[in-house]
Structures are given as C-alpha cells and as structure tokens.
Amino acid sequence: MTYDEAITYLKGLTKFGMNLGLGRIQELLRRLGNPHRRLNIIHVGGTNGKGSTTAMIAGILRAAGYKTGMFTSPHLHSYTERFLINGRPIAEAKLAQLLTEIRPHMDNMVAEGFEHPTEFEVSTALALLYFAMEETDYVALEVGLGGAIDSTNVVTPLVSVITNVTLDHMDHLGSTVEEIARVKSGIIKKGVPVVTAAEGVALEVIRQAAKANQSRLILVGKDVTWSSVQPRDNNGGYQQFKIKGLHNQYHIQLPLLGSHQQINAATAVAAVEMLFSNGGHPAPAAAVVEGLQRVHWPGRLEVVRKNPTVLLDGAHNHAGARALRQALLEYFPDRQLIFVLGMLADKERSKVVAELAPLAKAVVVTRSNHPRAGDWTKLADYVKKYLEDVMIIEDVRQAVKTALDKARQDDILCITGSLYMVAEARSVLGLSSV
C-alpha cells in the first residue's frame, strides 16, 4: 500500500467501532511474533493528563540519551504523529510498509473465524511492531480508553501510571468514579510499581488493586510533591516550580501552562524515578530538567498568537474544562474572553459550558468534524443560559475567522472542546506541523 492507501484503509476500520476486549489484539500480536514482549514499557492511563504525562516521560528518557518510542492518540494533523521515536513521527512510507505487512494477518484471522481487529487495535499493533523493529530502549505507551480491556493492556510494563480518574466515557467505562477507577486499575500488573495522582474513592480503588497485585504504590502529592517558585508567566511562555521526588529535587521550567501540568510533571518524574530505581540507580537529574523544559504537547493550553492572544486547548470533558477555567483566571485575569467551542455529543456538554461560559463575553459554537458530533447545535442552547452573544457557525474556519474579527487586541480568544475541532482550528491558523 501507499501511504494514502494505508490511511484510507485505517479510516475504513472505524466501521468495526469501539469493540473492547483483548482477544483480537492478542491474536494479531501472536501472528506478528509478539513484538511487545521485546519492549521496555511505561504504561500511562487515566482520565485527563495521560497524553501530557506520556510526552513528559518520553522527553525525560530522550534527554537521558535513550532511544524512546511514544504512542499516543488521537493525532492532531497526521496519523504519523501517533508513532514517535525521539520526537520524530514515523515516516509515511514506513507506516504504509508496516500496515502492508500486518494486513494479511488480519485477513487470515477473519478467514479463520476471528473478529476483525478495530482501527485502534491495528494502530496499537503497528506501534508495538514499529518500536520493536527499531529496537527502542524504552516506550511511553498511552492507554486508549479505560485500561483493563484497552488494546494496549497486552503489555507488562516496567512502571504503570494512572494520572487521575474522573467521569468520562461513561457509556463504556461505568457510571461512577469508582466503577471507572476499577477499569483503569486494570493496567496494574503483578509486582509492577504504580504511580498515581488520583484522589478520593478512585485512589482507594487503585490502592486495593495495587495491594492485590503486590505492587508498590507511589502517590503524587504525598511521596512526590511540587511547589511554585515564582508567579507564573502570564504571557504564556512557561511556568517554574520545584519537584521533590523520591530521590532528588528538581527546579523545573515547563513550557506548558496550567497548574494541572505541574501535577502531570510530578507524575512523570515519579514514574521515571521508579523506572531507574528498579535498575538500581537514580534518575539523571539533568535529564529530568532538560526533558521537561523541552517537552512539546500542542493543543493543550497552547498560546499560538498575540494581539489578540489566541489559546488552544482540548478541554473535552468536565475536569478538563475546570482546569482550563482555573488557568484562564490565573494567567489572564481581567482580560475579556471569547470562546470558539465545539464538542462531541457524548460528552458532558452542560457541565463544560457551566465552567466556561460565565467567563465569556461571546461564544461561537461550531461543529467538530467527527462522527460523534451529533446534534452539535445543542451546545448553543446550554451557552445561552449564561450570555446573549452566542453565534452558531458550522464551518470551523469561518467560526475562527468570525471570532478573530470580533476580538479586540487585548482580548483572549480561546478555542476549545473536542481535540478534533482544536486540530482543525490549528490548521486554519497555519499550524499544521506538530
């Protein structure tokens, strides 16, 4: 297959939907020679922050001189972004080659009576095969959905990470935090240390799972802590803080906004420290500082323009919207806000709007280019409960242009909601390259 043919094929696999379970991915990987068994993996799950934390872990390991793979989803602009080695996306030709190699195995599976693997299962298999073929030293692997029956859960990692647990994907994971935490705790493996920043009932569930698996549990906020050292940069450049780790202290300069990113950074540091301490030596402090200073994770509180300030953030659920609200109030006090907002229909739209709309002087509601967009205009009904200046513009390009025209030089234009919509807006603003 060519690259274009490969992408068309992958997109076609979405017809198999979200079919959770490990049977198909295990069978596919068996036919590929079980490449995941040759990898040293840090497995990162959770509700929010797992992508940022995965990127931070990979950045630290890369700064330490290790050939580091990273698998995350979804991508912003190109499917190749899901498969990184030392920060570089897989070559288009390589992706096409690997999918050409994998496809006959899937065809044989179906011919022998197995269900066809889903699009995410194929992506997972492709990632594991690619990283094994390229002989990576470490792989930072982000969970797709949940944990226990997510296709990435075929691995036995060196460290497991659960960033936090809040309500999201309740149609698949459960209706309470406790139920969701139980699913996410499924990535905990026997004897493998676990790092988490979860709290409350979610932490208790994780604690029980760690105890049942005889896994050491490292608590972010207790065993590893952080503290700010200066007022955060309100121009969106960076934030400085200290992390007191298990074995060392670090002065961090992070190019990602938001107090929640301090928690994610502390979580990443705890995971890397555990990784190295299991090998009998401390994590290299200079690599921790350098890796976090250079981390790049676009579309998350990302300032892309000034005058007016344009901010992109994929706050796709209630917890994400709460973190965004906190950051906007902290970094941009007394600035007027205009939102471009687009969300998928299966999200807690009313709760997200309740966090953000009271901050706004105007909101442009737009459509996320995704099959789960559903009745996207319903979002405007929620927004109108809080303010009058609400526009409904389906085309993201036009929505962004309208909001820019409306914004004054000292306003903040925040484009948020579905990461799929944020990615499209990023392209509109000429920021296709990640």
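Everything quoted here is computed from the prediction, not taken from an experiment.
- For Arg103, the salt bridge (charged side-chain N to carboxylate O under 4.0 Å, His left out) test picks out no residue, with sequence neighbours left out.
- Interatomic distance, Ile412 CD1 to Leu337 CG, rounded to the nearest 0.5 Å: 6.5 Å.
- A salt bridge links Glu290 with Arg294: the distance from a Lys NZ or Arg NE/NH1/NH2 to an Asp or Glu carboxylate oxygen falls below 4.0 Å.
- Judged by the 6.0 Å and 45° rule, Lys385 forms no cation-pi pair with Tyr382.
- We find the OG-CD1 distance between Ser160 and Ile42 to be 10.0 Å, quoted to the nearest 0.5 Å.
- Considering only residues two or more places apart in sequence or on other chains, His247 meets the ring pair (Phe, Tyr, Trp, His ring centres under 6.0 Å) condition with none of them.
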Donor-acceptor contacts, no H, no angles, side chain residues 52-59, under 3.5 Å, sequence neighbours left out:
| residue | atom | partner | partner atom | Å |
| --- | --- | --- | --- | --- |
| Ser52 | OG | Gln261 | NE2 | 3.3 |
| Ser52 | OG | Trp297 | NE1 | 3.4 |
| Thr53 | OG1 | Gly49 | O | 2.7 |
| Thr54 | OG1 | Lys50 | O | 2.6 |

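- With sequence neighbours excluded, the residues that form a salt bridge (charged side-chain N to carboxylate O under 4.0 Å, His left out) with Arg31 are Glu27, Glu112.
- A side-chain N or O of Glu273 and one of Tyr250 form a donor-acceptor pair less than 3.5 Å apart.
- Taking 4.0 Å as the cut-off between side-chain N and carboxylate O, Arg207 and Glu204 count as a salt-bridged pair.
- Ile162 and Ser185 make their closest contact through CD1-CA, 3.9 Å (heavy atoms, listed as atom of the first residue, atom of the second, distance).
- Applying the ring pair (Phe, Tyr, Trp, His ring centres under 6.0 Å) rule to pairs touching residues 21-59 yields nothing, sequence neighbours excluded.
- Judged as a salt bridge (Lys or Arg N to Asp or Glu O under 4.0 Å), not a single pair has a partner in residues 35-48 (not counting sequence neighbours).
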Quiz item: Is there a side-chain hydrogen bond (donor to acceptor under 3.5 Å, both in side chains) between Asp4 and Thr2 once you walk through the steps?
Solution: CA-CA 5 Å; Asp4 288 342; Thr2 65; 5.5 Å; no
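- Pairing each heavy atom of Thr377 with each of Asp375, the nearest pair is OG1-OD1, 3.0 Å.
- For residues 55-79, every residue pair satisfying the salt bridge (Lys or Arg N to Asp or Glu O under 4.0 Å) rule, not counting sequence neighbours, is listed here: Lys67-Glu134.
- For the 3.5 Å distance criterion, the side chains of Asn164 and Lys184 fail to qualify, holding no donor opposite an acceptor.
- Not a single salt bridge (charged side-chain N to carboxylate O under 4.0 Å, His left out) links Glu5 to another residue, sequence neighbours left out.
- Residues satisfying the side chain to side chain contact (heavy atoms under 4.5 Å, CB included) criterion with Ala270, sequence neighbours excluded, are Val195, Ile218, Val220, Val224.
- Applying the ring pair (Phe, Tyr, Trp, His ring centres under 6.0 Å) definition to pairs two or more places apart or across chains, those involving residues 133-158 are Tyr66-Tyr138.
- A salt bridge links Glu302 with Arg426: the distance from a Lys NZ or Arg NE/NH1/NH2 to an Asp or Glu carboxylate oxygen falls below 4.0 Å.
- Between Ser215 and Val194, the shortest heavy-atom contact is CB-CG2, 4.0 Å.
- Not counting sequence neighbours, the partners of Ser427 by the side chain to side chain donor-acceptor pair (under 3.5 Å) test are His77.
- Closest of all the heavy-atom pairs between Gln239 and Leu256 is NE2-O, 2.6 Å.
- In this structure, NE2 on His105 lies 8.0 Å from CG on Leu28, to the nearest 0.5 angstrom.
- Under the 3.5 Å distance criterion, the side-chain polar atoms of Ser277 are matched with a main-chain donor or acceptor of Met274.
- Side chain to side chain, Thr80 and Glu92 fail the donor-acceptor criterion of an N or O pair below 3.5 Å.
- Here the CD1 atom belonging to Ile85 is positioned 7.5 Å from the CD1 atom belonging to Ile90, to the nearest 0.5 angstrom.
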Could you list the donor-acceptor pairs under 3.5 angstrom formed by side chains in residues 122-131, with sequence neighbours left out?
| residue | atom | partner | partner atom | Å |
| --- | --- | --- | --- | --- |
| Ser123 | OG | Tyr79 | OH | 2.6 |
| Ser123 | OG | Glu119 | O | 3.2 |
| Thr124 | OG1 | Phe120 | O | 2.9 |
| Thr124 | OG1 | Ser151 | OG | 2.8 |

